Amino acid sequence: KGDSRKLDIKILSAPAALPDRFVDAQKYFEDYSLDRSGKTISLVSRGVGFITTFKNGAVLEVGGSGEHVRFHTQVGETQFLYVSEKEGEEDIYIRDLGEGQATRIPVGRGIIESLAVSREGNLAMFSNNRGDLFSLDLSKGGKAVPEVADSSEAGIISEIGISPDGKYALYSFPELHQSLGRGPASIIKIYSSESRKTARITESGSTDFSPVFSSDGNFIYFLSTRSLDPVSDNIVFDLSFPVTTLITAVPMNFKASLKLENLPEAFVGKNEEGDYPIESLIERQKVLSVKAADYDVLRLAGEDLLVIDFPIEGMSKYYLFSKLLRSGKLLKVNPFTGEASAIRESVADYRISGDGSAIAFRDAESNLFHMDLAKAQNGSQKDQKFDFKRLKLRVQADLEWNQMYGEAKRLVRENYWSENKLKNDFSQAFRKYDELLGSVSTRFELSDLMREFQGEFRTSHSYEIGGDLSSSTSYPVGRLGLD
């Protein structure tokens, strides 16, 4: 008689089957590193790590669709270190290839942004998105506890390098004020693992970056945007500074100072032996006699420096979703004479082996090559191109979607502008979408869920873009035409 009641309707249907599939590893290529001899390479593609020799041989897989492997690097003869969030937070793992087991070192300190390991493999330094720098004693294995070495209120500490003896670490330290260079200011700082003290190496007011120790630990080299020689514009009456980067050296001891000034070692007295106090290094910089350019990615190969000299060019071809990588000329520089020679054109980035004998590099199209530096100099060997078809990259959709959603949640948690709102106003949003994740059956549905999830926080410039959305070919039917 007009009464209404709720009907409980249950539809018993299984979600769409999600078969495993294999994808092109080069398309999702992320990172790479060489071992100490330059014979073994570690790669990461679509969050999965691989270990193999460059030309041929067996391929060992690290991780899978349910985790995102990063910073995959060798730390011993058979040991490799990597970062993974398979337990819910980003931790460090060390895997022994002989034993096949990975030792987890709990970190849980936000998102790891930069990481370096000492030559002996007993010390790691890493930074996170919260502006902290940590030291980690790897010799303690799973019982190692990260110790805060430094912190910046201005941003992420980056480009960490460790001295050959493991006593010191260098890093680019962001500062709050604007610099004369490209973007926010940064200085170079040094950390002593023995005294647990830090010190500035450069003054404020510029962008100092890409610090590195010499192979013997006697010198520090870095790049700095401190060359202010203006260039006239061809169209408008104006002056600009397209070329600003210099290569700078800092001697670690008196003997190194003499070498840098081309003076005999006979001047070294008993009182001048040993390293300078790190607090005094800020007074000992010397700009090398190498012309200013748009340099980046400074590394050491024996006593010589390697650096990429990028051309002054228009940036429209790299805009937004371009797949091209900016590339330049790889130079070898003698830091004592200033002589520079080109090794290779079209180098986007590169990694060098621990002994400085070989490099791996990417070109503008993301092709990966291997180069023996000695043989390349005398022309006896051509670059070896890596065959990505050797990597069998399997995608398990359900595991990958869980990982992607978990990573999106951590990005919101770590980057949202109001911690109070995140805890008090939006805690329900996390629970709501956690419950919906299990119902996702296509990649498009995952994108829809993540967009709705981000919309809960009402923040502009927060996107969900790209991904392996399914595509289908359209076959339009014919139409009747009349004259």
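The structure presented is a predicted model; accordingly, all values stated were derived computationally and were not measured.
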(request) Apply the test side-chain contact (heavy atoms from CB on, under 4.5 Å) to residues Ile187 and Glu175: give CA-CA distance (whole Å), side-chain angles for both, the deciding distance (0.1 Å), then the verdict. (result) CA-CA 7 Å; Ile187 60 172; Glu175 294 193 306; 3.5 Å; yes
From [X] [atom1] over to [Y] [atom2], what is the distance, rounded to the nearest 0.5 angstrom?
X	Y	atom1	atom2	answer
Asp355	Arg36	CG	CZ	10.0 Å
Gln454	Leu449	CD	CG	10.5 Å
Ile162	Ser118	CD1	OG	5.5 Å
Phe386	Leu391	CZ	CG	4.5 Å
Phe29	Ser45	CZ	OG	8.0 Å

(request) Sort and list the pairs that fulfil side-chain hydrogen bond (donor to acceptor under 3.5 Å, both in side chains) and have at least one residue in residues 300-309, not counting sequence neighbours. (result)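 Listed by first then second residue: Lys259-Glu303.
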Which residues share a ring-ring contact (aromatic ring centres under 6.0 Å, His included) with [X], sequence neighbours left out:
X	value
Phe126	Phe134
Tyr171	none
Phe213	none
Phe453	Tyr405, Phe430, Tyr433, Phe457

(request) On the 0 to 90° scale, with breaks at 30° and 60°, tag the Tyr82-His72 ring pair as parallel, tilted or perpendicular. (result)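 Ring orientation, 0 to 90° scale: perpendicular.
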(message) Could you walk me through whether Glu400 and Arg443 satisfy the salt bridge (charged side-chain N to carboxylate O under 4.0 Å, His left out) test, starting with their C-alpha distance in whole Å, then the side-chain angles of each, then the deciding distance to 0.1 Å, before giving a yes or no?
(response) CA-CA 10 Å; Glu400 187 178 70; Arg443 179 60 180 81; 5.9 Å; no
(request) Show the numbers, then the answer: is there a side-chain contact (heavy atoms from CB on, under 4.5 Å) between Ile247 and Leu223? (result) CA-CA 5 Å; Ile247 305 177; Leu223 301 176; 3.7 Å; yes
Check whether any side-chain N or O of [X] sits under 3.5 Å from a backbone N or O of [Y] as a donor-acceptor pair, and report yes or no.
X	Y	answer
Thr225	Thr207	yes
Thr202	Ile188	yes
Glu120	Asp165	no
Ser215	Gly302	yes
Lys392	Lys389	yes
Ser172	Phe209	no
Thr198	Ile190	no
Ser152	Pro174	yes
Ser353	Ala358	yes
Ser210	Phe222	no

Any carboxylate oxygen within less than 4.0 angstrom of a Lys/Arg side-chain nitrogen, looking at [X] and [Y]?
X	Y	value
Lys421	Glu456	no
Arg394	Asp20	yes
Arg326	Asp294	yes

(message) Looking at Lys409, I'd like to know if its NZ atom is crowded, meaning that more than 12 non-hydrogen atoms belonging to other residues, nucleotides or ligands lie closer than 6.0 Å.
(response)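 Counting neighbours around NZ of Lys409, more than 12 heavy atoms of other residues, nucleotides or ligands fall under 6.0 Å, so yes.
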(request) Mark yes when over 12 heavy atoms from residues, nucleotides or ligands other than Lys329 sit less than 6.0 Å from its NZ; otherwise mark no. (result)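 Not more than 12 within 6.0 Å, no.
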(message) For Arg362, run the salt bridge (Lys or Arg N to Asp or Glu O under 4.0 Å) check against Asp349, Asp31, Asp383 and tell me which one passes.
(response)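 So the option named by the test is Asp349.
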(request) Identify the residue among Asp387, Thr40, Leu368 that makes a side chain to side chain contact (heavy atoms under 4.5 Å, CB included) with Phe54. (result)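 When side chain to side chain contact (heavy atoms under 4.5 Å, CB included) is applied between Phe54 and each of Asp387, Thr40, Leu368, only Leu368 qualifies.
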Can you see whether [X] engages [Y] through a side-chain donor-acceptor pair at a distance of less than 3.5 angstrom?
X	Y	value
Asp372	Gln384	no
Glu407	Gln403	yes
Tyr318	Glu313	yes

(request) Start with the C-alpha distance between Val347 and Phe369, add both sets of side-chain angles, then the distance that settles side-chain contact (heavy atoms from CB on, under 4.5 Å), and finish with yes or no. (result) CA-CA 10 Å; Val347 175; Phe369 297 89; over 6 Å; no
(message) Tell me the closest heavy-atom pair linking Ser462 and Thr459, and the distance in Å.
(response)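 Taking Ser462 first and Thr459 second, the nearest heavy atoms are CB-O, 3.5 Å.
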(request) Taking all non-hydrogen atoms of both residues into account, name the closest pair between Ile41 and Ala360 and its distance. (result)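 Here Ile41 and Ala360 meet closest at CD1-CB, 4.3 Å.
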(request) Please test Leu43 against Phe388 for side-chain contact (heavy atoms from CB on, under 4.5 Å), starting from the C-alpha separation and ending with a verdict. (result) CA-CA 10 Å; Leu43 307 101; Phe388 280 92; 4.2 Å; yes
(message) When you measure from the centre of the six-membered ring of Tyr32, is the NZ or CZ of Arg351 closer than 6.0 Å and no more than 45° off the axis?
(response)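 Yes, Arg351 and Tyr32 form such a contact.
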Please list, one pair per line, the donor and acceptor atoms closer than 3.5 Å that link side chains of residues 103-112 to other protein atoms, with sequence neighbours excluded.
residue: Arg104; atom: NE; partner: Asp91; partner atom: OD2; Å: 2.9
residue: Arg104; atom: NH2; partner: Asp91; partner atom: OD2; Å: 3.1
residue: Arg109; atom: NH1; partner: Val107; partner atom: O; Å: 2.6

